[in-house]
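Quick note on labels: first sequence line is chain A, next is B, and so on, each numbered from 1. What you see is a predicted model, and the numbers here were worked out from it, not measured in a lab.
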2 protein chains.
Amino acid sequence: MDDKDFKQTKAEFIAQWGVLGSSWGINRTMAQIHAYLMMAVEPVDTNEIMQELKISRGNANSNLRDLAGWGLIRRVTYPGDRKEYFEAEKDVWTMFCTIARERKRREIDPALQLLQSSSKQSFKKNDPEQQLFASQTKALAEFVQTADLVLDKVARSEESKVLPFLIKRFR
Amino acid sequence: MDDKDFKQTKAEFIAQWGVLGSSWGINRTMAQIHAYLMMAVEPVDTNEIMQELKISRGNANSNLRDLAGWGLIRRVTYPGDRKEYFEAEKDVWTMFCTIARERKRREIDPALQLLQSSSKQSFKKNDPEQQLFASQTKALAEFVQTADLVLDKVARSEESKVLPFLIKRFR
DNA sequence: CTGAACTTTCAGTAAATACTGAAAGTTTTG
DNA sequence: CAAAACTTTCAGTATTTACTGAAAGTTCAG
């Protein structure tokens, strides 16, 4: 594969990764920046990202900030160089744990809170509608709590190096 | 809890569930309709949904269609009644399996396809950038494949009745 | 076949989300 | 301290996504 083909393959990959990202809840540009950084051998500065992905400085800046907020990329600086560079976590299991931890915090915890507070009301025992509401919210709360717990166990960084092997055995 | 309080609690729950849904990739209305149906004792028709959630016929129709497409709700008809009613799957584990199956089909499979086709190109062994691209896409492909497999195992309906107990033990 | 009962579609519009680029802010250097 | 090098913010705008409601479509009873 010659260099020209490679550049094209890579660009195509990054573009497509963005499309996939947006079919999740992730914005296209953020997914593309992440893909770009995952495939970068060395840390990259904002200008390079702007040029390669054809996006504005503001857009690059805010998506990089968000990615750093998720813990998926790190800011890197070199002594004697005032620019900031960015570098992605490249280990997929570490990435998975990071994402799991953040999603738990941002999505699971609020859901659990709503479900628990809803299910802990007092209801009329003779009203089937109230009974259903009570039992459904309770069942959902328990489910989410279980999911939470599993993610917790799985996303502890110590175990995350064992887990891949365990799971492969499990096939 | 009197009936008025209950109505309010339920409405608040449905509204909030919608907010949570949209912090995932799910649209607010769809999440609300689903919540409404999960908490409904009997099958519900389009008009009731329109009134209760204050949405248009078109909106109700298309979100109901999509929910049915996900397999999260069923269409119900009664002999001698021309209207269609809708009813949600209420068992949370069955719901989970359904969602897992659909997400696999809609999100995991396309990602896997992209990753596999990208990682199966031939690369220059002496170019570190090409090497990184090759190894990253391969690692991602393997990860996604594993996730896929785990979901597959978990989302088989037979086992889904055992799994909750298993996981509770695991605490 | 006709019309009532119901469902679906879709052009137009509203709302939410993402993006731009210039201005303001910050840090460092000479 | 001034100016250069860089980063952040944010008002305005573009793009995407969701929603409305009326019209078209479908099914069925008489």
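Note: B/Trp17 and B/Phe13 have parallel aromatic rings, judged against thresholds of 30 and 60 degrees for the angle between ring planes. Ring geometry, B/Phe123 versus A/Phe6: the interplanar angle exceeds 60°, so the pair is classed perpendicular (tilted spans 30 to 60°).
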Pairwise N/O distances under 3.5 Å, protein to nucleotides 8-14 of chain D:
from	atom 1	to	atom 2	distance (Å)
D/dT8	OP2	A/Asn61	ND2	2.4
D/dT9	OP2	A/Arg65	NH2	2.8

Which atom pairs link the protein and nucleotides 28-30 of chain C when you take only N or O atoms and keep those under 3.5 Å?
none

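Distance CG (B/Leu64) to C1' (D/dC19): 14 Å, rounded to an integer number of Å. Between the CG atom of B/Asn47 and the C1' atom of C/dA5 there is a distance of 11 Å, given to the nearest Å. With rounding to whole Å, B/Leu53 atom CG is found 15 Å from D/dA18 atom C1'. Remark: C1' of D/dT15 and NZ of A/Lys54 are 19 Å apart, rounded to the nearest angstrom. Protein atom CE of A/Met50 is 16 Å distant from nucleotide atom C1' of C/dA18, rounded to whole Å. Counting to the nearest Å, the C1' atom of C/dT17 and the CG atom of A/Asn63 are 12 Å from each other. One can place CG of A/Asp66 at 14 Å from P of C/dT17, the figure rounded to the nearest angstrom. The interatomic distance linking B/Lys83 (NZ) with D/dC28 (C1') rounds to 15 Å, in whole Å.
To the nearest 0.5 angstrom, A/Met50 atom CE is 11.0 Å from A/Ile33 atom CD1. Between the CD atom in B/Gln121 and the CD atom in B/Gln116 there is a gap of 13.0 Å [rounded to 0.5 Å].
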Verdict with reasoning, B/His34 to B/Met38, per side-chain contact (heavy atoms from CB on, under 4.5 Å): CA-CA 6 Å; B/His34 186 224; B/Met38 275 197 301; 3.8 Å; yes

B/Ile49 and B/Ile55: CA distance, side-chain angles, deciding distance, side-chain contact (heavy atoms from CB on, under 4.5 Å) verdict: CA-CA 8 Å; B/Ile49 287 167; B/Ile55 61 175; 4.2 Å; yes

Criterion side-chain contact (heavy atoms from CB on, under 4.5 Å) on B/Leu20 and B/Ile26, from CA distance to verdict: CA-CA 9 Å; B/Leu20 287 174; B/Ile26 297 148; over 6 Å; no

Verdict with reasoning, B/Thr46 to B/Glu84, per side-chain contact (heavy atoms from CB on, under 4.5 Å): CA-CA 8 Å; B/Thr46 304; B/Glu84 263 190 333; 5.9 Å; no

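Considering only heavy atoms from C-beta on, B/Arg75 stays 4.5 Å or farther from B/Leu64 through its side chain. Between B/Leu37 and B/Leu72 the shortest side-chain heavy-atom distance does not fall below 4.5 Å.
Side-chain contact check for A/Glu48 and A/Tyr36: at least one donor-acceptor pair (N or O, by modelled atom type) lies under 3.5 Å.
The stretch residues 22-43 of chain B has no heavy atom under 4.0 Å from DNA chain C, so no residue of it qualifies as close.
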